[in-house]
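All remarks here apply to the structure that follows.
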Amino acid sequence: MKRYASRNPKYLPEKFYNLKADLGELPPPPLNPATRQPLNPSDLEAIFPKSFIAQEISTERYIPIPSPVLEAYSVFRPTPLVYASRLQKYLNTPARIFYKYEGVSPTGSHKTNTALMQAYLANQDGITTLTTETGAGQWGSALSYAGSIFGVRARVYMVRASFRQKPGRRIMMELFGGEVMESPSPTTDSGRKYYQENPDHPGSLGIAISEAVEVAAKNPEFKYSLGSVLDAVLLHQSIIGLEAEQQCQELGINPDLIIGCVGGGSNFAGLSFPFVRKKLKEQAEIKFLAVEPEVCPSITGGKLTYDHGDSVGLTPLLFMYTLGKDFVPPPIHAGGLRYHGMAPLVSHLVKKGIISARAYPQDKIFQAAEIFLKTEGILPAPESAHAIAAAIDEALEAKKINKEINILFNLSGHGFLDISAYDRRK
Ligand SMILES: *Cc1c(COP(=O)(O)O)cnc(C)c1O
């Protein structure tokens, strides 16, 4: 078995894959927060660019990737698909482990995939500024970078706890021309009420989203951008799985189990959905496993119901697994997984029994990260280490029954800017 699939430029797909075309029954629709009636697409125009809304509601199976976006992708895509033979040897298991490595993107994670597409669409619609939130800073960096490529400014509301703990990410956003605000801030109605209670309020993704949405709604040249959860974001991330399908074919393997960490669900869905299609349409026997932190267990500890995407209640109601819009998870190192909800499409597949989920404590994911670093030589993002921990557990299960299975997981990002978290891990 070769250690790497090639990064043949032909593997970069020219179209995104939309799982909704193959689902049959769709998840319950988003609701207007004021009327609680199914949302009219035009209700979204106050906050999202029109061309983005068109992709959000589309049920077309394939959606073309515009050539300027393809050109931007080609700088770092196709990303590597690697056979983790050294990890397999270390675990002494018959299971073969493969990973798709999204950490080679310019800002170090899969988030650039949707950031580039969203910045391009906003620019086409004449939008000058995209507002957004960021927790650990991965999403804010990706959007600031994408904005610098397509001539759109990013205004990023950064959760105060991370703003103070992770200056590296803030500096990166500012270098790309992004404007970074500490959240909760005194500059919005949504932020002010938390700020006045406590100027050192640590913030949360839910509050930061409220601030970014409010500002977008009040300014006609501004729109809001979300880095996960929405159908269109999952659509953009499908390029991960479309490439992986071809790379697996090159290596002559079929994955039996696909694993990803889940914050809002986008990197996991991106790798999985083209393979979910294979399961639905070609009866391929593939299992899917979503991994979340024990302290923010949206799927394993949440409820499937309508809830807001933000804390204040400005966003549409989405039918999803959620811990409640007011849930504030404790500050763990995997900041990108601290979100109360789960993408409606991922939630739908969990309900249908196609995706299963599991939660891990922080000490376990750091142990997995160290094993991975020592065997495969890559420092993973603490978020991605959740997927590694599950891949290791599954490979050890396979060893018990001496079964040769193929495990494929998404290594959603590198951990170079999380290095201080590794120092504080114990
Ligand atoms: C943001 C982030 C995640 C979680 O977001 P999803 O939308 O669930 O993919 C996972 N890994 C990394 C490296 C991230 O930056």
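Start at 1 and go down the list; that is how both ligands and their atoms are numbered. Below, all heavy atoms of this structure are taken into account, side chains as well, without hydrogens, waters or symmetry copies.
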Considering only non-hydrogen protein atoms, determine which one is nearest to [atom] and report residue, atom name and distance to 0.1 Å.
atom	result
atom 7 (O) of ligand 1	S228 OG, 2.5 Å
atom 4 (C) of ligand 1	G336 O, 3.4 Å
atom 11 (N) of ligand 1	S412 OG, 2.7 Å

| query | Is there a donor-acceptor pair closer than 3.5 Å between any side-chain N or O of T315 and the backbone N or O of G309? | reply | yes
| Under the 3.5 angstrom rule, does the side chain of S109 hit a backbone N or O of G413 as a donor-acceptor pair? | no
Can you check whether [X] has an N/O within less than 3.5 Å of an N/O in ligand 1?
X	result
V262	no
E383	no
G413	no
L337	no
S384	no

Between [X] and ligand 1, which part of the residue brings a heavy atom under 4.0 Å of the ligand: side chain, backbone, both or neither?
X	answer
N267	both
V229	neither
Q237	neither

| field | Worked check of salt bridge (Lys or Arg N to Asp or Glu O under 4.0 Å) between R77 and E102 | value | CA-CA 9 Å; R77 307 205 69 89; E102 291 295 305; 2.8 Å; yes
| query | Among H110, K111, E383, R169, which residue meets the side chain to side chain donor-acceptor pair (under 3.5 Å) test with Q138? | reply | R169
| query | What residue among E376, R96, R3 forms side chain to side chain donor-acceptor pair (under 3.5 Å) with S85? | reply |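 Single side chain to side chain donor-acceptor pair (under 3.5 Å) partner of S85 among E376, R96, R3: R3.
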| task | May I ask you to list the atoms of ligand 1 that are less than 4.0 angstrom from any heavy atom of C261? | result |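 Within the 4.0 Å cut-off of C261, ligand 1 contributes 10 (C), 11 (N).
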| Close-contact set for ligand 1 against G265 heavy atoms, below 4.0 Å |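 With G265 as reference, the close atoms of ligand 1 come out as 6 (P), 7 (O), 8 (O).
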| message | Taking the basic N atoms (NZ, or NE/NH1/NH2) and the acidic carboxylate oxygens, is any pair closer than 4.0 Å for E45 and K223? | response | no
| request: Kindly determine whether K364 and E294 satisfy salt bridge (Lys or Arg N to Asp or Glu O under 4.0 Å), including the steps that lead there. | output: CA-CA 11 Å; K364 187 172 171 94; E294 234 173 36; over 6 Å; no
| For the residue pair Y73 and F16, does the interplanar ring angle fall in the parallel (under 30°), tilted (30 to 60°) or perpendicular (over 60°) class? |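 Plane angle over 60°, so perpendicular.
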| Mutual orientation of the aromatic rings belonging to Y224 and F48 [parallel < 30°, tilted 30-60°, perpendicular > 60°] |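 Geometry flag for F48 against Y224: tilted rings.
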| task | Only heavy atoms count here, so choose which of Q138, E102, K111 is nearest to atom 1 (C) of ligand 1. | result | K111
